[in-house]
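Could you have a look at this structure, given as structure tokens, before my questions?
Just so you know, residue 1 is the first one in the sequence shown, and it goes up from there. Counting starts at 1 for both ligands and their atoms, in listed order.
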Amino acid sequence: MSKGYTGKFLRINLTDGSFREESFNQDFYRKYLGGGGFGTYFLLKETDANTDPLSPENVITIAPGITTGSAVSGVSRCGMTALSPETGGIGDSQAGGSFGPFLKRAGWDAVIITGKAAEMSYIYIEDGEVLILGAEDVSGKSILDARGVFEEKYGRKGVSVMQCGPAGEKLVKYASVSSDLHDAYGRTGMGAVFGSKNLRAVVVKSSGTVEFEDPEGLKTLAKTAISRIPGSGFVSTIKKYGTEGIVLGNAEAGNLCVHNYSTGYHEDYAKLDRSNYDEAFLAKGTTCYGCAVGCRKTVKAETPYKVTDKLGGPEFETIGVLGSNLDIFDPVAVAKANELCNTYGIDTITLGGIVSYLAESVEKGLITDDQIGYKGFGFGNPDAVIWLIEQVGNREGIGDILANGFEAAIKHFGEETRKYAVHVKGHGFAVHMPQVKPSLALMYAVVPIGADHMSSEHDWLITDDSEASRGLGILETDDVNSTGTNKVRMAVYSQYYYSVLDSLNLCMFCWGAGSLYTYPELEDLVRYTTGMDMTFWELMMAGERKITMMRLLNLRRGFTDKDDKLPEKMFQPLYDGPSKGRSVNKEDFERMKAQYYGFLGWDEHGAPLNGKLAELGLEWAV
Ligand code: SF4
């Protein structure tokens, strides 16, 4: 066994309260790397076409990666994978914080959880000790209050807590899991999976260490990031302002979702950028384990809404989906909505998409205030958003319907409202607009978890003749708005790379294309951490393997190429700003999709061909 990982997986069955240790050989680690690579493997092995995501048979895998745990920037996120109650397919989410490194220091490479506890419970892991304990003193409590209870019991030093909130307990299908308050496994409904297992939290306390192959090499890599931050435009911006500091650039490029993705611009956009926040609104930020960037910023306010700085502040995506996309440009109102989502444990992105769907349906006269239960519901009304989050978090009134996602809402309000529902596979869109970024039009449709802006690099990469593109085998530059073969190649190769980052749980802000580190330095990271000589080719193969496994899982569960589609709104022209008139061209989109399947070695219906399965060593998965 190499260094850098422990060789031990912790398997817990909540139904009978048992746990045991499992181990895998080195090839397993090389092939699947960690995170969703591990998690998708277990789902393929242990679930079937009919496994209900909210049943005891669903399998949660909580896993960092083989390179997690050192004090190198951006190497210590953690992944969570399970069948998604939001989409019905693969659910996969990553979060920052310190859970991943602490889990490893406690002696475990991953935790695999099945079954359902008789009562609301939590798992406590302290090195080799594993306890399943009653959660009656935290059940129903907000994430912040529950965290206080855990801190009283276990302290703060060396302790990390991941927990679903009241929304997860109530099975809101896009409920999130909070990671140490400032981060969240926001996407694909992992909080509801926790709730369905009567699992409120997993607490890890560690006193051990992780042994690395080459600590001096890791120190050099850590220093490399620090020296490069000042010269890295994007990273130096988020170091200063967090992702809240990239609103200006996106709005000026016509890529800020406004009025339910009807335009990419609004004249008040600058108010939402952190560089313009009032001094009194700013609060101290934090960082993920060992990261020199520290992009996790917070805010605080007394009026017009009281906002605590104890939970993470709204990031760029949340600012868009709970702000500009709802025609709300008061950053304090956005921060309040974000705080409430973090209090209940709700994914801000899908929740925001559902609110904007409602607002536009009301505007078009398809839904009435009476049907919602709120007078004056619509765009530009922060009080209405705040009210609705409470309704969803408590599953009260209309919130009980909306808690089940877009399709449940469309079923309730009528098929004619579908044209305002902006989602793929039930997964709401982030800020980045497919009308403006053609590669995202493709990726939002084909990514197995649904519309996701973090699964590949965005279109700028095709314009960049540098090591960032060449190192991925993208040799021909092209126009940023191109939709041809070069663009598909860029999307595919960068998707392989980002799939590697997700499995290893590396942060894209540090390790993404053209960011702080180079591709050869990723090979160094693996070698310095584990001692394994993995070439970039082998790593990219592992990235492709994970994508194919996720695809196989979705196919098994009834997804087809027909689900790789975009909402109708994406084909309508944007009405204002620098991107005015832009839309997704249907013919281009269909051609790109067919090419994408070809690149991946899938047939015309998106099913991996036998040769591809053999190449990736995945015949077992069919
Ligand atoms: S760049 Fe930000 S999100 Fe990424 S690891 Fe560092 S602090 Fe965490």
Legend entry - Residues that Tyr498 engages under ring pair (Phe, Tyr, Trp, His ring centres under 6.0 Å), provided they are two or more places apart: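 Residues passing ring pair (Phe, Tyr, Trp, His ring centres under 6.0 Å) with Tyr498: none at all.
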
Inset, instruction - Applying salt bridge (charged side-chain N to carboxylate O under 4.0 Å, His left out), run through Glu339 and Lys336 and close with a yes or a no. - result: CA-CA 5 Å; Glu339 178 195 274; Lys336 185 68 200 176; 2.7 Å; yes

Legend entry - Minimum side-chain heavy-atom gap Tyr289-Arg77 below 4.5 Å: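 No, side chains not in contact.
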
Inset, instruction - Using a cut-off of 2.8 Å, find all protein N, O or S atoms closer to atom 6 (Fe) of ligand 1 than that distance. - result: Cys291 SG

Inset, instruction - Using side chain to side chain donor-acceptor pair (under 3.5 Å) as the criterion, list what pairs up with Ser207, not counting sequence neighbours. - result: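 Asp127.
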
Inset, instruction - Enumerate the residue pairs fulfilling ring-ring contact (aromatic ring centres under 6.0 Å, His included) with a member in residues 329-352, sequence neighbours excluded, ordered by first and then second residue. - result: His266-Phe329

Inset, instruction - Report yes if some heavy atom in the side chain of Ile112 is under 4.5 Å from a heavy atom in the side chain of Leu10; otherwise report no. - result: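 No, their side chains stay 4.5 Å or more apart.
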
